[in-house]
There are 2 protein chains.
Amino acid sequence: MKEFDRVTALLEAKGIKPSLQRLLLLHYMHSCHEHPTVERIHADLTKQGHSLSKATVYNTLTLFVQKGLLRLVGLDHSEARYDILTCDHAHFVCERCGTIYDVPVDFDLLNLQFPEAENVRQRDIFYRGVCKRCTTQN
Amino acid sequence: MKEFDRVTALLEAKGIKPSLQRLLLLHYMHSCHEHPTVERIHADLTKQGHSLSKATVYNTLTLFVQKGLLRLVGLDHSEARYDILTCDHAHFVCERCGTIYDVPVDFDLLNLQFPEAENVRQRDIFYRGVCKRCTTQN
DNA sequence: CATTTAATTTAGAATGATTCTAAGCTTTAT
DNA sequence: ATAAAGCTTAGAATCATTCTAAATTAAATG
């Protein structure tokens, strides 16, 4: 399993036992440069001939987020989306097609001070609107 | 109904007929400086002796958001929260107690450019962590 | 190598916020 | 008055997610 060497190392570095399902999921996330939903991930892996339950997808993604291997993109109340990029960056969300675009961002420029905050675990920036692809196509 | 004069004017300015339920809801939102959930709004108004259904709360808040009278705070997949402040500002969300704190923000400092964006309708900044109140209390 | 123990995966039930539906009620127009 | 349009409502339906308890797999022990 040469192609799983990298994700195996990543899992072990976080103290996660590299089961087949976990390897599959992390490998999928690394090879996918979108921000897929649980439904999407499950459908793709199933289509590729792998057998894993949706519950495992939920459990494993949650585990990965806790361990810092993935980032949960918490958008509105639609489906959760998962992002392989864990470093700070901003998101533009197309409200028509749902595509999420990444852009690097320097949070220090903002110098936001929340007097009520004891500690900050995560920072997110979302821009919402319509993407060019959607406006030119219709 | 002296106390409803202001919200009546706001509704009419947006072309919304000022029904009793709409007045109640907008007045409630203006008098509440938190970021309440639908459940909370409905419970509070009911407790005050007003009769209105949860469906109406959903319908009306959605209408207000569409017309720009409120802002939907789209957080994760918990309940939706509604914000009377419609101008740009950042949110700090306490992951323990759920309280949302506001802070003004100057988006121009970031100068974010999304090459894929045709237009931007809304901009959000979320910081997540634990607030001081929660750390000192426990 | 057999057997117990722990960890992981799983299918399907349960949950819960939100949306839908179709009926009832108000208000406005004719 | 009467019809038409708009608003509200209760309860059913939906759907992403979580829970549960059993099944499977891997690790540990004798």
Side-chain angles (χ1 to χ4, degrees), chain A residues 1 4 7-8 11-12 14-28 35-46 49-67 69-70 72-83 93 95 98 100, chain B residues 1 4 7-8 11-12 14-28 35-46 48-67 69-70 72-82 93 95 98 100:
Chain A
M1 290 289 184
F4 284 163
V7 283
T8 304
L11 288 176
E12 282 172 346
K14 295 285 184 180
I16 303 172
K17 213 178 293 176
S19 71
L20 176 58
Q21 287 87 344
R22 288 168 177 169
L23 290 171
L24 276 174
L25 279 163
L26 193 53
H27 180 259
Y28 173 90
H35 301 73
T37 64
V38 166
E39 185 63 39
R40 187 61 198 270
I41 297 167
H42 183 253
D44 282 351
L45 287 174
T46 301
H50 302 109
S51 158
L52 87 172
S53 74
K54 220 180 253 182
T56 298
V57 180
Y58 276 105
N59 293 340
T60 306
L61 293 177
T62 301
L63 175 70
F64 288 174
V65 169
Q66 281 165 0
K67 298 289 186 174
L69 289 169
L70 293 180
L72 170 63
V73 185
L75 275 176
D76 303 308
H77 314 90
S78 48
E79 298 160 89
R81 312 272 298 249
Y82 291 87
D83 191 344
V93 188
E95 294 178 313
I100 299 179
Chain B
M1 290 286 183
F4 285 161
V7 283
T8 304
L11 288 175
E12 282 171 345
K14 296 284 182 179
I16 304 173
K17 214 178 291 179
S19 71
L20 176 58
Q21 288 87 343
R22 289 168 177 171
L23 290 171
L24 276 175
L25 279 163
L26 193 53
H27 180 258
Y28 173 91
H35 301 72
T37 63
V38 166
E39 184 64 38
R40 186 61 198 268
I41 297 166
H42 183 253
D44 282 352
L45 288 173
T46 301
Q48 290 171 23
H50 301 110
S51 159
L52 86 172
S53 74
K54 220 178 255 184
T56 299
V57 180
Y58 276 105
N59 293 340
T60 307
L61 292 177
T62 301
L63 175 70
F64 288 176
V65 169
Q66 281 165 0
K67 297 289 185 173
L69 289 170
L70 293 180
L72 170 62
V73 184
L75 276 175
D76 303 307
H77 313 89
S78 47
E79 299 160 86
R81 313 272 298 250
Y82 292 87
V93 188
E95 295 178 312
I100 299 179

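Any value given below was found using the heavy atoms of this structure, including those in side chains, with hydrogens, waters and symmetry copies removed. Reminder, nothing fancy here: chain letters follow the sequence lines and each chain counts from 1.
- Taking side-chain N and O atoms only, A:S19 has no distance below 4.0 Å to OP1 or OP2 of C:dA7.
- Straight-line distance from the CG atom of A:L45 to the C1' atom of C:dT9: 15 Å, rounded to whole Å.
- In this structure, B:L61 atom CG and D:dT8 atom P are separated by 12 Å, rounded to whole Å.
- Taking atom NE2 on B:H42 and atom C1' on C:dG16, their separation rounds to 16 Å, with Å as the unit.
- Contact annotation: B:T37 side-chain N/O to C:dA17 OP1/OP2 distance is not under 4.0 Å.
- Summarising the geometry, the separation between CD on B:E39 and P on C:dT18 is reported as 10 Å, rounded to the nearest angstrom.
- Residue-level contact check: A:T56 touches the bases, meaning some heavy atom is under 4.0 Å from a base atom.
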- Message: Let's go through A:Y28 and A:D44 carefully: what are the C-alpha distance in whole Å and the side-chain angles of both, what is the deciding distance for side chain to side chain contact (heavy atoms under 4.5 Å, CB included) to 0.1 Å, and is it a yes or a no?
- Response: CA-CA 9 Å; A:Y28 173 90; A:D44 282 351; 2.6 Å; yes
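- A close approach under 4.0 Å does occur between a side-chain nitrogen or oxygen of B:Q21 and OP1 or OP2 of D:dT9.
- Of the candidates C:dT18, D:dT17, D:dC7, the closest approach to any side-chain atom of B:A80 belongs to C:dT18.
- Counting only heavy atoms from C-beta on, B:A55 has its side chain closest to C:dC20 among C:dC20, C:dA17, C:dG12.
- Taking atom CG of A:L63 as the reference point, atom P of D:dT18 lies 14 Å away to the nearest angstrom.
- Within the 4.5 Å cutoff, no side-chain heavy atoms of A:L70 are placed close to those of A:D83.
- Salt bridge status for B:E79 with B:R40: absent, with no side-chain N to carboxylate O gap under 4.0 Å.
- A salt bridge does not link A:K17 with A:E12: none of the charged nitrogens is closer than 4.0 Å to a carboxylate oxygen.
- B:V7 is not listed as a side-chain neighbour of B:L25, based on a closest heavy-atom distance of 4.5 Å or more.
- Straight-line distance from the CG atom of A:N59 to the P atom of D:dC19: 10 Å, rounded to whole Å.
- Between C:dA17, C:dT8, D:dT17, one nucleotide has an atom nearer to the side chain of A:E79 than all others, and that is D:dT17.
- At the phosphate of D:dT18, neither OP1 nor OP2 sits under 4.0 Å from any side-chain N or O atom of A:Y58.
- Residue-level contact check: B:S51 touches the backbone only, with heavy atoms under 4.0 Å from sugar-phosphate atoms and none from bases.
- In this structure, B:K54 places its NZ atom 18 Å from C1' of C:dT21, rounding to the nearest Å.
- Backbone-only contact: B:K17 has heavy atoms under 4.0 Å from sugar-phosphate atoms and none from a base.
- Rounded to whole angstrom, the span from the CZ atom of A:R22 across to the P atom of C:dT10 amounts to 11 Å.
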